[in-house]
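Heads up, the thing below is written out as structure tokens.
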Amino acid sequence: MQPEDVWGNRWLECTLTMAKRYMTVAWEKQSLVCLAADRNTMSGLFELLEQVGPHIAALKTHVDLIDDWSAEGWAKFCATAEEYNLLIFEDRKFADIGKISRSQMAGIYDIRSWSNIVTAHLISGPDIVDGLQAAWHDVGRDGGVLLLAQMSSRGNLLTTDYRDSVVAKGAASAGVLGFIGNGSRPEELEELRNKVGDGKMIWTPGVNIAIGDGEMGQRYGDPREAVLAGSDCIIVGSGIHRSDNPAAMAKQYAEASWNALLER
Ligand code: 5BU
């Protein structure tokens with residue numbers, strides 16, 4: 001079986017280089033799991049990566065929540081992630097005007113130099129995507145932007161009208177890899193997929209085998225249902241890193257997501 005056999009129209013219609021890279025990695029590793037590596041120390045991050053690296057397709061970071069961050073430590077961490085054949089996704093949720101977002105991709109963390117994917121709100125208008133793409137090009141790299149069309153947290157202000165505007169503008173933009181959808185509500189996700197069509201990806205946080213409410217307004221839905229509803233990548237954090245056996249849990253999420261893709 002080749003990637004196009006499992007991804008179907010998504011493979012044919014998602015033309016961005018980063019989309020093809022992700023679908024290939026997911027196919028190679030038989031996993032649609034992106035680990036939300038929300039650990040506060042470099043040693044904690046390394047430990048987690050060594051445990052779950054073989055079972056995931058992408059690694060989502062929040063570079064600004066690490067207590068002992070250093071450029072050298074981070075370079076080593078990213079190199080290790082690449083050895084595991086992982087895409088690196090900084091969930092920065094950029095929201096400023098295009099030129100400032102471009103500059104924020106540089107700075108002390110220099111996100112443009114190691115990320116393959118970043119998140120952005122479209123609240124400031126479509127030029128943010130050009131700003132982020134320009135930042136990658138400034139260092140001779142390629143990347144993909146995921147726009148927030150939905151969020152998993154309760155009471156968020158992303159209305160269906162707002163979602164539709166994000167999808168309409170994002171779908172027409174070559175620098176957009178796809179959209180963030182709400183993994184905790186399969187019916188909302190299905191609606192989003194109907195709007196998006198096959199030409200862009202949908203990645204979904206708010207996924208946990210233990211469905212229901214999480215901490216501080218987080219909500220969780222089932223991994224299989226998210227993929228059946230149209231998610232291309234399940235973003236799982238505490239479901240994996242807070243378990244007693246992260247490797248076994250990552251494997252379980254990988255199998256659930258991969259089987260759901262085959263079923264879809
Ligand atoms: P959790 O431990 O599985 O709840 O972690 C979820 C991660 O996904 C965490 O890093 C959040 O920043 C991220 N996230 C989210 O939970 N909901 C959203 O709508 C978006 C990102 Br966008």
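Note that ligands are numbered from 1 as they come in the structure, with each ligand's atoms numbered from 1 the same way.
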Would you mind reporting whether Met151 and Lys93 have side-chain heavy atoms less than 4.5 Å apart?
-> yes
Sub-6.0 Å ring centroid separation between Trp69 and Tyr109 | yes
Kindly list each side-chain donor-acceptor pair under 3.5 angstrom involving residues 21-28, sequence neighbours excluded, with atom names and distances?
unit_1: Tyr22; atom_1: OH; unit_2: Asp232; atom_2: O; d: 2.7
unit_1: Thr24; atom_1: OG1; unit_2: Lys20; atom_2: O; d: 2.7
unit_1: Trp27; atom_1: NE1; unit_2: Met1; atom_2: O; d: 3.0
unit_1: Glu28; atom_1: OE1; unit_2: Asn85; atom_2: ND2; d: 2.8

Inter- and intrachain pairs under salt bridge (charged side-chain N to carboxylate O under 4.0 Å, His left out), touching residues 138-161, at least two apart | Arg102-Asp138
Non-neighbouring partners of Asp38 that pass salt bridge (charged side-chain N to carboxylate O under 4.0 Å, His left out), sequence neighbours left out = none
What residues sit with at least one heavy atom under 4.0 Å from ligand 1?
-> Ala36, Asp38, Lys60, His62, Asp91, Lys93, Leu148, Met151, Ser152, Ile180, Pro205, Gln218, Tyr220, Gly237, Ser238
Quick one: are Trp7 and Leu261 in side-chain contact, heavy atoms under 4.5 Å?
-> yes
